[in-house]
Amino acid sequence: MEKTNVLLIGGGGREHAMAWKISRSGQLGTLYIAPGNPGTAECGTNVSLNTSDFDAVLEFVRSHETGLVVVGPEQPLVDGLADFLMEEGIAVFGPTRAAAMLEGSKEFAKDFMRDYNIPTARYRTFEAGQFEDALAYTRSEGRYPVVLKADGLAAGKGVFICDSDQEVALRLDQFRDNSAWGEAAEKVVVEEFMEGEEASVFVISDGYTAKILHNAQDHKRIGEGDTGLNTGGMGAYSPAPVLTSDLLQQVENEIIQPTITGMQINNSPYKGILYLGLMITEEGPKVVEYNCRFGDPECQVILPSLKNDLLELMIESEHQRLDEIDIELDGRYRCCVVMASGGYPESYQKGKPISGLAEIDQDSLLFLAGARDAQGEIVTSGGRVLSVVGSGKTLQGAIDHAYKNVEKISFENAYYRRDIGAKGLKRIH
Ligand code: AMP
Ligand code: GLY
């Protein structure tokens, strides 16, 4: 069989999980990860490459005979890395800039859903010069909470759920004045608040055929019981019992198919991973957001459950042959607990030695994120430091397995939520 050299871009827990899964492929030649982390170094070769320098990426790909570039995070996709490489004849797994606008612009995504009749929250978009109109609009609607979203990429910091028009006014002022959002807040989407439980569905698409890989539930808040500040994600479990097979069918018919068809009609077929952030409301599943990549930490629970060869899926997607492939799962539950530096998502210290990494059970999985190799010792280097994935025949089994192993790992000021998966257990009992 022909082997493919792969360049994977990214360096978080998600990319460690992707590198781990790709490294198990029979079709893999050499796996390069840029920049990677000490975890990905166990799965392939880390390379220091400035991935925002597209010419440097092209030069690397040519000199290392890389047959496929896989992009983990959203920013390079929204910046057009896939377009640039594809124009040079390089195969890329990930959407073009135009297709990545489903994540890159909330206004684009909302208008797209309106045009293709895809269920989502009601909304209006306002330009920076019209923020007074936005306030007048929320006042006239008089329904709280209401959701304000910066149009562009804001690393999870551009969404506010406001309980009063005073808060709307305050947030609009912040969007107007605060340089933190830059161009991302030149437009603001004002959106109806949806009641329900959130769940994520991950889809792989070759532009024409889309298949559900699996579903999961994230835990975005820092505190137990979903309290405190928003984070990148403090843990996940899969599958999400809230997503019954009827609901998944509804997601397929009312959301996935119209999205894939709509993007074709728009002349930007969607190729890559499509992450649907959903709210399961009384009226059925509705889209909270689209993302053009795997979730982190959802990826860490999805990929271990996938029996298919991920590299093969990516290559088949590149050749538009996903219609010939069946997605196979191992039927187990998985739970991922993120260990973070105390203080995250605000300020925290770095450089703390991590102990116990070698102690965890063989059948659990460890994915590193904000960690670096300091002359042979693994030390913390970021907010979300690592994640541990447990599995079981039941959700309770997966949770117990994950925590049993998390408890073996320690570093100064380590923090993790102790209730990952509890929401799912409530649905089962
Ligand atoms: P987003 O970045 O669009 O996913 O928003 C971040 C989080 O805000 C989501 O995960 C939800 O918890 C919440 N959220 C966003 N939009 C809505 C909405 N229309 N109704 C209720 N919650 C929302
Ligand atoms: N865990 C949420 C995200 O990746 O966006």
Side-chain angles (χ1 to χ4, degrees), residues 10 12-15 17-18 72-75 77-78 100 102-110 113 118-125 138 141 143-163 171 181 184-185 188-202 215-222 226-238 240 242 273-283 285-303 336-338 340 345 367 369 383-384 387 417 420 423:
R14 165 182 53 208
E15 286 77 22
M18 291 170 83
E74 63 278 16
Q75 192 73 56
L77 295 167
V78 172
L102 281 179
E103 174 166 0
S105 164
K106 303 267 187 207
E107 181 187 34
F108 174 87
K110 297 298 288 191
M113 287 187 267
I118 295 166
T120 186
R122 289 191 311 123
Y123 75 103
R124 290 263 303 265
T125 308
T138 56
E141 291 273 300
R143 245 195 304 252
Y144 295 97
V146 68
V147 186
L148 294 192
K149 297 184 174 181
D151 172 54
L153 288 185
K157 297 186 180 73
V159 175
F160 294 101
I161 295 172
C162 304
D163 288 317
R171 297 304 184 190
W181 290 282
V188 166
V189 173
V190 177
E191 206 177 86
E192 163 204 11
F193 178 82
M194 297 184 283
E195 297 277 355
E197 193 168 330
E198 287 188 76
S200 312
V201 172
F202 293 87
N215 64 75
Q217 211 162 23
D218 187 15
H219 296 66
K220 285 213 169 95
R221 303 293 198 94
I222 188 73
D226 293 335
T227 54
L229 294 173
N230 253 327
T231 70
M234 293 303 295
Y237 65 93
S238 173
V242 66
I273 298 296
L274 181 64
Y275 158 168
L276 304 171
L278 303 174
M279 188 69 79
I280 312 306
T281 73
E282 279 184 356
E283 295 160 21
K286 296 186 181 183
V287 177
V288 178
E289 61 167 348
Y290 289 110
N291 292 310
C292 60
R293 51 176 173 84
F294 273 119
D296 185 344
E298 296 95 315
C299 183
Q300 289 90 310
V301 286
I302 300 282
L303 292 185
C336 168
V337 179
V338 171
F367 296 119
R384 293 190 295 170
S387 52
R417 274 180 64 166
I420 304 300
K423 254 187 297 190

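Heavy atoms only: backbone and side chains are in, while hydrogens, waters and symmetry mates are out. Counting starts at 1 for both ligands and their atoms, in listed order. Here the structure is a predicted model, which is why all the values come from computation and not from measurement.
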Would one find more than 12 heavy atoms of other residues, nucleotides or ligands at under 6.0 Å from atom CD of E141?
yes
Between M279, R221, E198, which one has a non-hydrogen atom sitting closest to atom 10 (O) of ligand 1?
E198
Polar atom proximity, D296 to ligand 2 (N or O, under 3.5 Å):
yes
Where on E298 is there a heavy atom closer than 4.0 Å to ligand 2, on the side chain, on the backbone, on both, or on neither?
side chain
Pull out every atom of ligand 2 sitting under 4.0 Å from any heavy atom of Y275, numbered as shown with elements.
2 (C), 3 (C), 4 (O), 5 (O)
Run the numbers for me: atoms of ligand 1, each under 4.0 Å from some heavy atom of K220, listed by number.
10 (O)
Value rounded to 0.5 Å, distance of CD in E289 from NZ in K110
11.0 Å
With atoms numbered from 1 as shown, which atoms in ligand 2 lie under 4.0 angstrom from a non-hydrogen atom of G295?
4 (O)
Distance in Å, Q217 CD paired with E298 CD, rounded so as to fall on 0.5 Å steps
10.0 Å
Drop me the distance from E107's CD to D151's CG, to the nearest 0.5 angstrom.
5.5 Å
Would E103 and Y275 count as a side chain to side chain contact (heavy atoms under 4.5 Å, CB included) here? Give the steps.
CA-CA 9 Å; E103 174 166 0; Y275 158 168; over 6 Å; no
Could you identify the single nearest non-hydrogen protein atom to atom 5 (O) of ligand 2 and state the distance to 0.1 Å?
R293 NH2, 3.0 Å
Check K106 against ligand 1 and report side chain, backbone, both or neither, counting heavy atoms closer than 4.0 Å.
side chain
Could you go step by step and tell me if D226 and R417 meet the salt bridge (Lys or Arg N to Asp or Glu O under 4.0 Å) rule?
CA-CA 10 Å; D226 293 335; R417 274 180 64 166; 3.0 Å; yes
Under 4.5 Å between any side-chain heavy atoms of Y237 and V301, yes or no?
no
Take every heavy atom of S200, measure it against each atom of ligand 2, and state whether any distance is under 4.0 Å.
no
Decide whether an N or O pair under 3.5 Å exists between G232 and ligand 2.
yes
When every non-hydrogen atom of V78 is compared with those of G104, the smallest separation belongs to CG2-CA, 4.0 Å
Would you mind running through ligand 1 and noting each atom that sits below 4.0 Å from a heavy atom of K149?
3 (O), 15 (C), 16 (N)
Looking only at distances, please establish whether an N/O atom of ligand 1 is found under 3.5 Å from an N/O atom of N230.
no
Within the 4.0 Å heavy-atom cut-off, what M194 brings close to ligand 1 is both
